Number of protein chains: 2
Amino acid sequence: MSAAQGKTGRRPGESGAREAILAAATAAFAEAGYDRATIRGIATAAGVDPALVLHYFGSKKDLFEAALELPVSPRQIFERGVVAGPDQLGAVIVRTFLEAWEPPETRVRLMAMLRSAMTNDTAMAMIRDLLVREVFGPITQTLGVPDAPLRATLVGSQFVGLAIIRYIGRLEPLASASIDDLVSAIGPTVQRYLTGELGGGTQGG
Amino acid sequence: MSAAQGKTGRRPGESGAREAILAAATAAFAEAGYDRATIRGIATAAGVDPALVLHYFGSKKDLFEAALELPVSPRQIFERGVVAGPDQLGAVIVRTFLEAWEPPETRVRLMAMLRSAMTNDTAMAMIRDLLVREVFGPITQTLGVPDAPLRATLVGSQFVGLAIIRYIGRLEPLASASIDDLVSAIGPTVQRYLTGELGGGTQGG
DNA sequence: TGTAGAACTCTACAGGCGTTGAATTCCTTG
DNA sequence: CAAGGAATTCAACGCCTGTAGAGTTCTACA
């Protein structure tokens, strides 16, 4: 980033303002979602004039996309599970998923995506593309079974719900449960969604 | 426009406008969430002046709460499962949950709550109170085990994720999967969350 | 030192928002 | 027909939004 600028302008390349804006934007999107977050609010939080936000990022939509560039690839969530072997698949994936939410910077980004995706088509498309490309795609390829796409979305549904209840709704006791406990509780679910017999459950109705 | 009026014109005490506003509001909240839905838009959809909306409902927040009064009690979702017996618990609950989403009027309300809860504290509190009182409470009491609250929120996480992936994100193939298939796939998960061994899964790390 | 250009701010526009209170239409009732 | 009250509309206020463009400050380099 600083190397790209070279020599120009006021403390070129390292103003700090750009990063402050990005951080404030990510936090605002995470807290309020795309619609409620305002450029003026982000600018104030960053100690900067609102016009500067647009000067750097062009528009609110572009700022949103810039603020939500994931620092980690979600693909490794599944890849780590594959490495651990088929029996550990569910547990390792759940653990990796939960640990990915631990760093505040990541959590804030994921919360922003989740919150915004509920009412913003752009955000929802981002999540869908991301999941399909980085998570569901690898799962589907690796499993090599015909109903792999359904299995992948089932896993996705459990993870999305887990994230919402734990991090956004903060419903107890799930919100405060330890990662170990959740791995024990949810790991077998994911394990079964990926490798188990989906049609063999007890029929109801 | 005002086809509901018909020949009788305006009857004091009962006009179709109120219901039209409620329907339009519910649809708007379901489609856009609380923040994005606008009173002006709702009024236009209902073929009515914006001021009339406020005249009837006082404020946007009150309108939201009026529009989201659930037509069915979610309590029966669990009660039907209890009646069916402990072995059928998961399957019956999943089926009842999915069938509850089928009627368009109910679906629209549930989508509105879900969408709005992501960025609106009032909506989130409504959902939390509703779940705790109508679903988690009965589950906790009936199960009579010490970790019942955790089990209840685990079930909640799976259901919230299912609803979001299937009805809001519309991710395939889960979005188009039949109720029977989903009962087979998710029923055992719920069954285990409620009555199974939570700590006995494969450990991962 | 002069100047180019980046970093940053000021001011303003145009539009949408929730909300308000007075004015108007319309039906019912006496 | 006249009065009363409910149903509904009109017009406007004040606020906030995203955005645009001109203007200002500052730093790096010739």
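Lettering follows sequence order; numbering is per chain, from 1. Everything numeric in this text was worked out from a predicted model, so none of it was measured.
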Seminar exercise, completed: Rounded to whole Å, the CZ-P distance (F57(A) to dG18(D)) equals 15 Å
For this session: Mind telling me whether F64(B) and Y34(B) have parallel, tilted or perpendicular rings, with 30° and 60° as the class edges?
Result: perpendicular
For this session: Starting from the 5' end of DNA chain D, give me the residue, R36(A) or A51(A), whose nearest nucleotide shows up first.
Result: R36(A)
Exercise. From dG18(C), dT19(D), dA7(D), pick the nucleotide closest to the side chain of Y56(B)?
Worked result: dA7(D)
Problem set entry | Among dG18(D), dC8(C), dT9(D), the one nearest I39(A) by side-chain distance | dG18(D)
Problem set entry | Nearest non-hydrogen partners of R192(B) and A185(A), listed with the distance | NH1-O, 2.9 Å
Problem set entry | Nearest-angstrom distance from the residue atom CD of E19(A) to C1' of dA7(C) | 14 Å
Seminar exercise, completed: Smallest heavy-atom separation, V183(A) atom then P188(A) atom, equals O-CD, 3.8 Å
Exercise. In whole angstrom, what separates D62(B)'s CG from dT19(C)'s P?
Worked result: 9 Å
For this session: Please tell me which of the listed nucleotides, dT19(C), dG18(D), dT9(C), lies nearest to the side chain of S59(B)?
Result: dT19(C)
Exercise. From dT19(C), dG18(D), dT9(C), pick the nucleotide closest to the side chain of K60(A)?
Worked result: dG18(D)
Exercise. Where the side chain of T38(B) is defined as all heavy atoms beyond and including C-beta, which of dG18(C), dT9(D), dT19(D) is the nearest nucleotide?
Worked result: dG18(C)
For this session: Report, as yes or no, whether the 6.0 Å neighbourhood of atom CD on E31(A) holds more than 12 heavy atoms from other residues, nucleotides or ligands.
Result: no
Problem set entry | L52(B) CG - dA22(C) C1' separation (whole Å) | 15 Å
Problem set entry | base_contact_polar (dG18(C) base, R40(B) side chain, donor-acceptor, <3.5 Å) | yes
Problem set entry | Atom pair distance, as rounded to whole Å: OH in Y34(A) and C1' in dT17(D) | 12 Å
Exercise. Do E102(B) and T106(B) get their side chains close enough for a donor-acceptor pair, meaning under 3.5 Å?
Worked result: no
For this session: Give one of base, sugar-phosphate or nothing for A37(B), where a contact means two heavy atoms less than 4.0 Å apart.
Result: sugar-phosphate
For this session: For D49(A) and dG18(D), give me the distance from atom CG to atom C1', rounded to whole Å.
Result: 13 Å
For this session: Return the value, rounded to whole Å, for the distance between atom CG of L63(B) and atom P of dT19(C).
Result: 10 Å
Problem set entry | Atom-to-atom span, CG of L54(B) to P of dA12(D) - whole angstrom | 19 Å
